[in-house]
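Structure first, commentary second.
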Number of protein chains: 2
Amino acid sequence: MDAMNTESTETNAGRSPAAGPDGAPDDGLEDVVFDVFARGCPSRPTMEHVTGRWGGLVLVALADGDMRFNALRRRVDGISEKMLAQALHALERDGLVVREVKQAIPPNVEYRLTEFGSGVVERLSGLVEFVEANMAGVLAAQQRYDEAKAAAEA
Amino acid sequence: MDAMNTESTETNAGRSPAAGPDGAPDDGLEDVVFDVFARGCPSRPTMEHVTGRWGGLVLVALADGDMRFNALRRRVDGISEKMLAQALHALERDGLVVREVKQAIPPNVEYRLTEFGSGVVERLSGLVEFVEANMAGVLAAQQRYDEAKAAAEA
DNA sequence: CGGTATCCTGCGCGATACTG
DNA sequence: CAGTATCGCGCAGGATACCG
């Protein structure tokens, strides 16, 4: 993946298979390049859903198996109903999660990872575990940083 | 000065592993378990720095090699000076990045990944690439979702 | 160049209440 | 149980100006 700087003006998305100046074979599909570094690229919002404050936690929670709304709510400590619903909508829209309704009373709804969702979770949970495993070092670094900063003022 | 994180509150952070009321060797250090799912865990803010809107992009950008402030600003399309500074501070504090000042005129400052930072980036860029590679599918899913939703109203 | 200080706004998100 | 609707506060974060 490369840079693609549209410094000047408006939002440029993952660039369209822009027709070259000449007569190259223009199949015009498939070979679009997406780049998170570009301001207008559609991958930006999707990355935010995946890595955002709640989206990531919801996804990783679903790695343990399908879950119902309130189960998720309990598992992701601190999330509000509103934000959970919002996160699930975004993830469903992006094709990371499927919502499965079992007609019954009382209502029974389960959320499940798609194949793509599983791929994302696999990588995401690797990251989470790596960070968790190194938190002791992080805490130490923070303390050093704060002390240095405090010492700088006096 | 920015205050950044209003992380305070109580709630158990990383709780110790089981630590019964017994007389087990109580070193009370080192073997703490961190859990992102817990509301007060210190790993939450750190994960947000790593995966947040800008932090992740800054980290991945630094994977290409050390960079200076304005180079980063150009590479991470759309970021403001303020947010870049803020992101760099957080990452430096967490021990993911080091700030290296070369005394000179004009000033020369470089940012570099630590070893821990490199480990994080490795996993993070794997995620980014996976998502970018699947964006076509995401776009299709979004379109299906929107159409289904539009059809539901009438 | 490499930042910080300040002001201002939108919307993120939590709290609460209601529906099927 | 599984959500939607509404309100309102606060902070994320963009624009602008200024300093070493």
Side-chain angles (χ1 to χ4, degrees), chain A residues 7 9-11 39-40 44-45 48-49 51-58 61-62 66-93 97-112 149 152-153, chain B residues 1-9 11 39-40 44-45 48-49 51-58 61-62 66-93 97-112 149 152-153:
Chain A
E7 185 82 272
T9 47
E10 278 305 313
T11 55
R39 198 180 356 182
R44 277 263 182 105
E48 278 164 35
H49 300 154
T51 64
R53 181 143 176 233
W54 302 117
L57 290 175
V58 170
L62 285 172
D66 305 5
M67 285 185 113
R68 321 202 4 199
F69 191 87
N70 282 298
L72 277 169
R73 195 154 147 48
R74 259 170 271 120
R75 174 96 176 109
V76 182
D77 191 19
I79 195 172
S80 66
E81 282 189 1
K82 182 183 173 181
M83 294 321 293
L84 178 54
Q86 194 171 299
L88 284 170
H89 285 339
L91 296 175
E92 193 194 350
R93 195 176 102 102
V97 158
V98 267
R99 180 173 184 272
E100 206 159 345
V101 184
K102 276 125 171 183
Q103 272 306 18
I105 293 177
N108 184 323
V109 181
E110 293 230 322
Y111 292 90
R112 176 169 40 86
K149 172 139 286 189
E153 307 166 357
Chain B
M1 242 345 182
D2 60 64
M4 301 220 79
N5 273 324
T6 48
E7 112 193 58
S8 50
T9 63
T11 63
R39 196 176 0 175
R44 276 264 182 105
E48 279 165 34
H49 300 154
T51 64
R53 180 144 176 231
W54 301 118
L57 290 176
V58 170
L62 285 172
D66 305 4
M67 285 184 114
R68 320 196 14 193
F69 191 88
N70 281 298
L72 276 169
R73 195 155 148 47
R74 260 170 271 118
R75 174 95 177 112
V76 182
D77 191 19
I79 195 171
S80 66
E81 282 188 1
K82 181 183 173 183
M83 295 321 293
L84 178 54
Q86 194 170 301
L88 285 169
H89 285 339
L91 296 175
E92 192 193 352
R93 194 176 103 101
V97 158
V98 268
R99 181 172 182 273
E100 206 158 345
V101 183
K102 275 124 170 183
Q103 273 304 20
I105 292 177
N108 185 321
V109 182
E110 292 230 323
Y111 292 90
R112 176 169 42 86
K149 172 139 286 189
E153 307 168 358

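The chains referred to below are lettered A, B, ... by the order of the sequence lines, with proteins before strands, and numbering in each begins at 1.
Look at CD on A:E92: it is 14 Å from C1' on D:dA2, rounded to the nearest Å. Atom pair A:E48:CD and D:dG13:C1' shows a separation of 12 Å (rounding to whole Å applied). In this structure, the CG atom of A:L84 is 13 Å from the P atom of C:dC13, given to the nearest Å. In this structure, B:R39 places its CZ atom 16 Å from P of C:dC13, rounding to the nearest Å. Atom CE in B:M67 sits roughly 15 Å away from atom C1' in C:dC1 (whole-Å rounding). In this entry the distance linking CD of B:E81 with P of C:dC1 reads 10 Å, nearest Å. One interatomic measurement links the two molecules: CG of B:D66 to P of C:dG2, which rounds to 13 Å at whole-angstrom precision. Straight-line distance from the NZ atom of A:K102 to the P atom of D:dG3: 13 Å, rounded to whole Å.
Residue B:R73 places no side-chain N or O under 4.0 Å from the OP1 or OP2 atom of C:dC1. A sub-4.0 Å separation between OP1 or OP2 of D:dG14 and a side-chain N or O of B:R53 is present. OP1 and OP2 of C:dG3 both lie 4.0 Å or more from every side-chain N or O belonging to B:H89. Between A:R68 and D:dA2, a side-chain N or O to OP1/OP2 separation shorter than 4.0 Å is present.
To the nearest 0.5 angstrom, B:L88 atom CG is 5.0 Å from B:Y111 atom OH. With rounding to the nearest 0.5 Å, the separation of CZ in B:R99 from CG in B:L91 is 13.5 Å.
When each of C:dG3, C:dG14, D:dA2 is scored by its nearest atom to the side-chain atoms of A:N70, the top-ranked nucleotide is D:dA2. Minimum atom distance to the side chain of A:M83 is reached by C:dC13, of the listed D:dG14, C:dC13, D:dA2. Checked against D:dG14, D:dG3, C:dC13, the side chain of A:K82 finds its nearest nucleotide in C:dC13. Which of C:dG2, D:dG14, D:dA2 sits closest to the side chain of B:W54 comes down to D:dG14. For A:P107, counting side-chain heavy atoms from C-beta on, the closest listed nucleotide (D:dA2, C:dG14, C:dG2) is D:dA2.
Taking every heavy atom of both residues into account, B:V58 and B:L72 meet most closely at O-CD2, 4.3 Å. The shortest heavy-atom contact between B:A61 and B:M67 is O-SD, 3.9 Å. In terms of heavy-atom proximity, B:R39 sits nearest to A:D77 at N-OD2, 3.0 Å.
Nearer to the 5' terminus of DNA chain D, by closest-nucleotide assignment, is the contact made by A:A71 (compared with the other of B:G78 and A:A71). The residue among A:S80 and B:N108 whose nearest nucleotide of DNA chain C lies closer to the 5′ end is B:N108.
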